[in-house]
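Worksheet: one structure, shown below.
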Amino acid sequence: MEHITLKGTDLKVSPICLGTWQFNDGKSNVQWPVQSLEESRAIVDKCFEQGINFFDTAEGYAGSEEVLGKALQGRRQNAVVASKFGFREGPSTPPYSAEEIDAAITNSLTKLETSYMDIIQIHFPSFMKDVKETVTELNRQVALGRIRYYGLSNFGPTRLNEFVDAGAKPVVNQIGYNLLWRSAECALLEQCRKHNVSMMAYSPLQQGLLTGKYANLSEVPEGRRRGRLFSQASTPLARHGTDGAEDEVNEALKSIREICTKAGVKMSKASLAWILQQPGIDVVIVGASTPEQMVENSDIIKLNNDVVQQLTKATEGVKDKIGEILDQWAPVDRSN
């Protein structure tokens, strides 16, 4: 797999990054079923075999940092590792002071069994107690050699600009982005390009909707129906309080299936390729339940430009219904 260099860094990474929320060491969460340490290690093994060297975790993904640290033993130098602070206690986690950022990085380094982090990210802007204090502390961590670079996760254009105006030099911004969730196109992609920030798209297959595995939305597991694409009544786990966009999603999925069938490509492959062919997107973050899924996800195809345009047109209705909202889950948009 051909590697790219993240903007403003000397980090050469695969355009496919393994998201490790599913590394739960035998304890299921709302998003993923139980996955043993051995299964997680086998997935990391397969990543290296496929040329994938980029791994994303977070202190808020219970067990993930510890499992990833164990899986990388003896080959940490061959990996680029990104983690996040915030979300330690869920959405209600209080904002972090400089001292708490320092402690969070210490804890992550310990769990990952490493002396440095390639990238540390702020999980949401709400986890900053003070922007300037946060920037000063992150720059101090770089000077100490505990982190090489820092970045953002779920920052919208307003908060991104505020962060940069405080003297920060973030190198990445993670945002939910896929064929069914395109709100980043409204302003965020342009702002990231302006500030030389590499965009990392997470949830590229929209909790399985873009894999073709579900014949209809009612088959989607409850834990994956919490977002704004589904109505508030779809699950008691939903917190967004809106009517969703289920009619638009159903229509879009029907069109996507037809386009992919006509083009002779699998829906999942077309969905991943579509993201990487969008201007400004450098990396796609994918999860995996098995090593075989990593083989599938690492085989990126090149779509004909006509197919790209057809897929874009097929999902305009969903994009219009969602609008500029960047956060799929929260009652209010915390990303701006």
Notebook entry, point to check: Any side-chain hydrogen bond (donor to acceptor under 3.5 Å, both in side chains) pairs touching residues 251-266, not counting sequence neighbours?
Noted result: K266-E296
Margin query: Using the rule that Ile, Leu, Val, Met, Phe, Trp and Tyr join whenever any side-chain heavy atoms are under 4.5 Å apart, tell me whether M1 and I4 fall into a single cluster.
Written below: no
Note to self: Please report whether the ring centroid of F55 lies less than 6.0 Å from that of F23.
What the structure shows: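 No.
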Margin query: For Y96 together with F85, are the ring centres under 6.0 Å from each other?
Written below: yes
Notebook entry, point to check: With sequence neighbours left out, what residues match Y61 under ring pair (Phe, Tyr, Trp, His ring centres under 6.0 Å)?
Noted result: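 Applying ring pair (Phe, Tyr, Trp, His ring centres under 6.0 Å) to Y61 gives W21, H123.
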Next item on the list: Please check if any side-chain donor atom of D10 sits under 3.5 Å from a side-chain acceptor atom of Y149, or the reverse.
Entry: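 Distance-only check passes for D10 and Y149.
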Next item on the list: Determine yes or no for a side-chain-to-main-chain donor-acceptor pair under 3.5 angstrom, with S14 supplying the side chain and N53 the backbone.
Entry: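 Answer holds: yes.
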Notebook entry, point to check: Under 3.5 Å, side chain of R146 to main-chain N/O of D102, donor-acceptor pair present?
Noted result: yes
Does the side chain of [X] reach to within under 4.5 Å of the side chain of [Y], using non-hydrogen atoms?
X	Y	result
I147	I119	no
L138	F163	yes
E324	S183	no

Between [X] and [Y], what is the shortest heavy-atom contact and its length?
X	Y	result
W274	L311	CD1-CB, 4.0 Å
G208	T211	O-OG1, 2.7 Å
V308	Q277	CG2-NE2, 3.4 Å

Note to self: Does anything in residues 201-210 form a salt bridge (charged side-chain N to carboxylate O under 4.0 Å, His left out)? List the pairs, not counting sequence neighbours.
What the structure shows: none
Item checked: Salt-bridge contact K70-D25 (side-chain N to carboxylate O under 4.0 Å) -> no
Next item on the list: Kindly check if the number of other-residue, nucleotide or ligand heavy atoms within 6.0 Å of NZ (K321) is above 12?
Entry: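 It does: K321 NZ has more than 12 such atoms within range.
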Note to self: Around atom CD of Q77, are there more than 12 heavy atoms from other residues, nucleotides or ligands closer than 6.0 Å?
What the structure shows: yes
